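These notes concern the structure reproduced below.
Note that this is a predicted model, so its numbers are computed, not measured. Both ligands and their constituent atoms are indexed starting at 1 by order of listing.
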Amino acid sequence: MNLIVDIAVGVSVNKTFHYSAPEALQERLVEGSRVLVPFGSRTMTGTVLGFPDKNDSAGLKSIIEIVGSPLTTDLLALAHWMADYYLYPLGLTIESMVPKAVSRAKPKKKKYLTLADGDHDMDAVRGPKQKELLLLLCERQIISLEELKTFSPATIKALCEAGMAAIIEKDAERTETPEEFVPCMPPLLMPEQTDAVRRISEAASLSQFGVFLLHGVTGSGKTEVYLHSIKQQADLGRGTIVLVPEIALTPQLLGRFQRRFGDRVAVLHSGLTDRERADEYRRIQAGQVDVAVGARSAVFAPFDKVGLIIVDEEHENSYKQDEGLRYHARDVAVMRAKFQNAVAVLGSATPSLESFYNAKNSKYQYLRLSKRVDHRPMPAVAIIDVKNLAKQTLYTPQLITGITQRLEKNEQTLLLLNRRGFSSVIICQDCGVVVKCPSCSVSLTFHKNEGNLKCHYCGFFTRPPDKCFSCHGVDLKPLGSGTQKVEEELQALFPAARMRRMDSDSVKGRDAYEQLLQQVDRREVDILLGTQMIAKGHDFPAVTLVGVVDADVGLNFPDFRAAEKTFQLITQAAGRAGRGESAGEVVIQTMNPAHYSILHSRTHDYEGFYNEEIAYRIQLGYPPIGRFIKLEVKSVDEARAAEAAKVAMNRIRFLMRGKETTLLGPAPAPISRVRGQYRFQLLLLSTKREKIRMLAAEGRAAVEEKFGRKCRVIVDVDPVNLM
Ligand code: ADP
Ligand code: ZN
């Protein structure tokens, strides 16, 4: 009998393909089956979408084989939603969800030494080592070769040749000698925690989709709420997915999960090899774990039944994938919960404007943890104006005094450099105001080769002014130009201090990162200097001072979320201070001491910040009111890239009717050339998501029709990085 199968192949085209299924495979093929198929001259992986009601298999190629387990129904539904929402080919979408090695490698096999059947004459064995091995084997029956490292290969071989033992290969057991696992006793919850756990668990037990925003100040015990809720799901036989930012996947955090759930925890992070990742994936499929903890892609963990999906630090930018399938793991988590009738919990001390807006509008349910667990006070925050600081120095007397005191008391200081690898924004040294776009209200970026200031949202450009618009001062300089000296100057001020630096240039790889964290933990470091990396989730009890050296760099970043990111960063960094016995202190250096994002972070007043920020988002129609889609047009030829961007613009303009949509650009990207490719961008903004999705797809199609492969268009739905 002929069976025709519709397959999404992992290639970059927006259609699916028909194949015929060999008799031998027909029974095992289901919707969601993962298969190998011939495609052109290659063999590709693909996914079965359905079985069209057709008979004529003439000319169709045949499926080669089935690999791995089929995708569950809900993951398949999620894949369809993502492909549609993110305007990405379905086949490639699915390939991004499944670890590569799962489609390729077989489960790991290991070599074991087993005791041969029959009686064994100890006297026939020569040499003490062989005797010792035989005794051990009589006791244990089977031992992995790995465990027998103390015996030489010759000893093992001799025993086998004597017919007493044999080497066999079988699937690796995860724990060779399973120890009795005794979970650690959880602490008694505080009233607000109890209430949160109760509401989450009630909702989850109804198997009805719902989203909670868990808004808890730093150190308020959010993780403890997660752990309790996970336990309740596990008791009901349902899995939980916990997403954390990659950087937070430290042994500290994983230890907390493992002490509670033993080996029923799967961990997925970027440090795993393909094979390890595939092994964890299979353990989840086999129902051997209750909870999967991981970064972004753990949102696709293949649980059969998910009851709960937790997104910790939900405001983090790193949840957005910046290449390939440009999904936002938080948004995908909410959708997955929806497809599974599960509950999503988004946790943060500084929720994204999007999530808080949804909570205000009752789309999400709101849970608040308002106090630190141990009733420790929130740290005192001092805002220091640096406008009058001598131009040669980067440190205010207040910060210097603070550091000196810490060194004397043998406490630690954390210094935050807000430098985001980019500084071509012009700031007035007298009043601290930067030059902004008159219509988009983002900072203009300086493009050296043309000598122009440009808006990378709408394309507006102007000559750099010789005087500040605001105070008519003449001392205009690129922002952040002095920060390279931060370390030198600090070392000169405190020659005896043990300083370490933590940023992606100086700390490469997970191991280096964890070693540095341990050094801080053992108090081998007095001053830890670093970028955003150091503000995230760490628990350093001896840190009592946090300094933000240059708050203005983040504040004036050419991005509409600059104020939000600054508020989050300062609040999170402040959360690192005073977690131990001594109270904490925070010193913020800025030229804009009156800026609302800084004033509200001083009083730890999230709502105060939100109210001011949302007013301005409403005024401009920016998210969470409207939605952005970015089209990035790239080519090695600058003129071609510019022309292609116009082609996209014309098509979109032509189709854009009514006033509900705004098209900004084309404009050169602020980093206008990357790896030899010139980049232009267009931004679509609307409250009508479907409408701009259609327009984005049309804009891309227009370029593809005219330029074929000579020009690439990347569509980024809900972009986070507008650089
Ligand atoms: P968050 O995730 O909000 O930063 P954590 O869950 O990490 O907070 O809690 C902060 C600290 O307080 C941790 O050391 C945690 O073990 C402890 N803790 C949390 N809840 C309780 C509780 N109910 N009783 C005692 N200690 C708690
Ligand atoms: Zn503009």
Considering the heavy atoms of [X], write down every atom of ligand 1 situated less than 4.0 Å from one of them.
X	value
Q193	19 (C), 20 (N), 22 (C), 23 (N)
M190	23 (N)
L189	23 (N)

Taking atom types as modelled and ignoring hydrogens, do the side chains of T544 and E411 form a donor-acceptor contact shorter than 3.5 angstrom? yes
How about [X]: does its [atom1] atom have over 12 heavy atoms from other parts shown lying under 6.0 Å from it?
X	atom1	result
R602	CZ	no
Y616	OH	yes
F461	CZ	no
K231	NZ	no
K646	NZ	no

Between V373 and ligand 1, does any nitrogen or oxygen pair lie at a separation below 3.5 Å? no
Is the closest N or O pair between E224 and ligand 1 shorter than 3.5 Å? yes
Which of K222, E314, R368 passes side-chain contact (heavy atoms from CB on, under 4.5 Å) with H215? It is R368
Under 4.0 Å from ligand 1, counting heavy atoms only, is it the side chain of T223, its backbone, both or neither? both
For ligand 1, does L188 get within less than 4.0 Å through its side chain, its backbone, both, or neither, judged by non-hydrogen atoms? backbone
Salt bridge check: are R238 and D290 linked by an N-O gap of less than 4.0 Å? no
Counting heavy atoms only, which of R372, R256, K222, E313 comes nearest to atom 15 (C) of ligand 1? R256
Validation row, ring centre F356 to ring centre Y606 under 6.0 Å: yes
Tell me, which pairs form a salt bridge (charged side-chain N to carboxylate O under 4.0 Å, His left out) where one or both residues lie in residues 618-627, sequence neighbours left out? R627-D718
The Zn ion (ligand 2): protein N, O or S atoms [distance under 2.8 Å]: C437 SG, C440 SG, C455 SG, C458 SG
Would you say S220 touches ligand 1, if touching means a heavy atom closer than 4.0 Å? yes
